[in-house]
Amino acid sequence: MSETPNLTYIKELADGSLSFEQKIIDIAKREFFEEKKEFLQNYNNKIFGQAAENVHKLKHKIGMFGLEAGYQTTADFEEGLKENNPSLYPKFIVILDTIEYFLKTI
């Protein structure tokens with residue numbers, strides 16, 4: 001994956017408030033791992049409609065961390081799942097793994 005997650009958007013939102021920035025990061029971390037786990041359960045059980053809803057939630061965090069191409073891939077994957085087409089799963093997992101590594105290192 002050629003994109004690298006960043007905190008640019010969060011820093012803009014925080015407008016210099018380090019405590020607000022940290023709160024957003026902490027919430028994103030907690031929600032990301034919960035949402036990823038729920039997505040994987042639904043995907044592995046082939047409940048693609050519910051998995052699409054999980055992807056929708058994750059999509060916003062992907063955008064929040066500055067992955068523009070990743071956001072588009074995620075949006076396409078979400079639409080594919082709604083049509084029972086999981087073909088973008090390998091690309092989506094790379095995006096999730098990239099975000100996960102980033103969150104574990106910040």
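Just so it is clear, the structure is predicted and the values come from calculations on it, not from any experiment.
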*For Ser87, does its backbone N or O pair with a side-chain atom of Asn85 as donor and acceptor, under 3.5 Å?*
yes
*Looking at Lys57 and Glu31, does any basic side-chain N land under 4.0 Å from a carboxylate oxygen?*
no
_Closest contact, heavy atoms only, Ala28 versus Leu103_ = O-CD1, 4.5 Å
*So, the side chain of Ser17 versus the backbone of Ala14: is there a donor-acceptor pair under 3.5 Å, distance only?*
no
_Rounded at 0.5 Å granularity, tell me how far NZ in Lys36 sits from OH in Tyr43._
14.0 Å
*If two hydrophobic side chains count as joined below 4.5 Å and joins carry through other members, does Ile27 share a cluster with Ile106?*
no
_Quick check for you: to the nearest 0.5 Å, what is the distance between Lys61 atom NZ and Leu96 atom CG?_
11.5 Å
*asked:* Quick test of your reading of the model: are Lys82 and Glu79 salt-bridged, counting only N-O distances below 4.0 Å?
replied: yes
*Please check if the distance between the ring centroids of Tyr9 and Phe65 is under 6.0 Å.*
no
*Hey, can you tell me if Phe92 and Phe39 have their rings parallel, tilted or perpendicular (30° and 60° cut-offs)?*
perpendicular
*To the nearest 0.5 Å, what is the distance between CG (Asp15) and CD (Glu21)?*
11.0 Å
_Non-neighbouring partners of Asp76 that pass side-chain contact (heavy atoms from CB on, under 4.5 Å), sequence neighbours left out_ = Gln72, Leu88
*Which heavy atom of Glu68 sits nearest a heavy atom of Glu3, and at what distance?*
N-OE2, 2.7 Å
_Same cluster or not: Leu40 versus Phe77, using hydrophobic residues (I, L, V, M, F, W, Y) connected whenever any side-chain heavy atoms lie under 4.5 Å apart?_
yes
*Quick one: pull up CD1 in Ile99 and CD1 in Ile62 and give me the separation to the nearest 0.5 Å.*
6.0 Å
*Hey, what do you get for CD1 (Ile95) to CG (Leu58), rounding to the nearest 0.5 Å?*
10.5 Å
*side-chain contact (heavy atoms from CB on, under 4.5 Å) partners for Lys104, two or more places apart*: Phe33, Glu100
